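Predicted, not measured: the structure shown is a model, and the values here were computed from it. Just so it is clear, the values below take in all heavy atoms, side chains as well, and ignore hydrogens, waters and symmetry mates. We name chains A, B, ... by the order of the sequence lines, and we start the count at 1 in each one.
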Amino acid sequence: MTPDLFGDTPGAFAPEPLAPGAVVLRGYAAGVAGALLAAITEVAAGAPFRQMKTPGGYTMSVAMTGCGEVCWVTDQTGYRYQAGDPLSGQPWPAMPEPFLRLAGEAAAAAGYRDFIPDACLINRYCPGSRMSLHQDRDERDFDQPIVSVSLGLPATFQFGGETRRVRPVNVPLSHGDVVVWGGPARLRYHGVLRLKQGWHPLTGEYRYNLTFRRAL
DNA sequence: CAGTACCG
DNA sequence: CGCG
């Protein structure tokens, strides 16, 4: 069944179990992808995509920007949530309304009520970009879930365990898919395999990922 | 180790 | 040489 995103009635939607506390909502955001992509363009006009450096000194293959009260950043100093864009010193663009609504509804569909993200990290993948296995652990409250939205080119998401020793499960993700993890799955390692070349009618050669978090 | 390099 |  189709989710009634931004409508008046909460539509039924079948979450696909991934692990205890984690679900995939296939195609959940497809109907609002146009609005989400327009909002990404608007955010990027104020806070351009940039490739950040890890504490190890390497440049990430994924280009990032973000919006909300704070956004995740990395540099040679380390990882952190920051209220201002390091490039401009200005506050991050405000969280677009379609972002807030999608994140809240997807979290609810996954069983996490009253999710109000204060940070959205926007990742742009080009062919060859990847995100190695990591934990989201720079947030203050691990009771709040993570909501991850895929737009554009398909990719393979890896979902591992709480340690690196657990062999990750490969999850193919397409345009509009949403992954939500929290509770017992909140600190599980995850990543994205190297993006294959391709073309999507709405995003061209790119894949975008929106990651919603409650950071503060 | 939110990294690359290397190897099977 | 590409993939994992």
Side-chain angles (χ1 to χ4, degrees), chain A residues 18-19 22 24 40 43-44 47-87 92 103 117-142 144-174 177-182 185-199 205-216:
Chain A
L18 176 58
V24 182
I40 290 172
V43 168
F49 284 99
R50 81 296 303 266
Q51 290 176 257
M52 299 184 192
K53 286 195 162 87
T54 66
Y58 294 101
T59 301
M60 298 181 71
S61 60
V62 172
M64 299 176 159
T65 184
C67 56
E69 296 173 40
V70 292
C71 186
W72 185 88
V73 297
T74 175
D75 57 22
Q76 285 198 336
T77 306
Y79 311 138
R80 64 193 174 277
Y81 282 92
Q82 189 164 301
D85 181 348
L87 282 185
W92 297 97
D118 55 17
C120 176
L121 182 62
I122 306 174
N123 294 157
R124 188 185 66 190
Y125 293 74
C126 64
S129 295
R130 65 185 214 104
M131 182 77 72
S132 67
L133 224 52
H134 66 278
Q135 293 171 301
D136 288 13
R137 55 179 216 188
D138 300 313
E139 302 76 27
R140 294 212 169 108
D141 183 5
F142 296 146
Q144 297 293 324
I146 302 290
V147 174
S148 175
V149 180
S150 292
L151 296 169
L153 288 181
T156 301
F157 181 64
Q158 293 196 307
F159 200 71
E162 291 187 349
T163 69
R164 293 184 181 276
R165 320 210 41 141
V166 178
R167 191 187 305 277
V169 171
N170 285 349
V171 183
L173 293 180
S174 307
D177 291 349
V178 179
V179 184
V180 182
W181 65 96
R186 178 59 178 76
L187 288 175
R188 289 176 69 148
Y189 278 87
H190 55 280
V192 177
L193 296 183
R194 205 169 277 285
L195 198 80
K196 291 177 189 169
Q197 181 178 351
W199 188 265
E205 60 181 329
Y206 295 115
R207 170 182 187 260
Y208 294 92
N209 178 72
L210 307 176
T211 310
F212 296 98
R213 302 99 181 259
R214 168 63 77 130
L216 305 178

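- Two residues are said to be in side-chain contact when any heavy atoms from C-beta on lie closer than 4.5 Å; R207(A) and V192(A) meet this criterion.
- A search for salt bridge (charged side-chain N to carboxylate O under 4.0 Å, His left out) contacts involving R186(A) returns E139(A), not counting sequence neighbours.
- The line from CZ of R50(A) to OG1 of T65(A) is 5.0 Å long, rounded to the nearest 0.5 Å.
- Looking only at side-chain heavy atoms (C-beta outward), L151(A) and I40(A) come within less than 4.5 Å of each other.
- Counting heavy atoms from C-beta outward, V43(A) and I122(A) have side chains that approach closer than 4.5 Å.
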Starting at the 5' end of nucleotides 1-8 of chain B, put B wherever the base has a protein heavy atom under 4.0 Å, S where only the sugar-phosphate does, and a dash everywhere else.
BBBB----

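- Side-chain atoms of H134(A) come within 3.5 Å of backbone atoms of H190(A) as a donor-acceptor pair (strictly under, hydrogens ignored).
- For the C1' atom pair drawn from dC6(B) and dC1(B), the interatomic distance equals 16 Å after rounding to whole Å.
- Aromatic ring pairs are classed by plane angle as parallel below 30°, tilted from 30° to 60° and perpendicular above 60°; the pair W181(A) and F159(A) is perpendicular.
- Proximity of Y189(A) to V166(A): side-chain heavy atoms (C-beta onward) are nowhere separated by under 4.5 Å.
- Secondary-structure annotation of DNA chain B gives no stems, with a stem taken as at least 3 successive Watson-Crick or G-U pairs whose two distances both fall under 3.5 Å.
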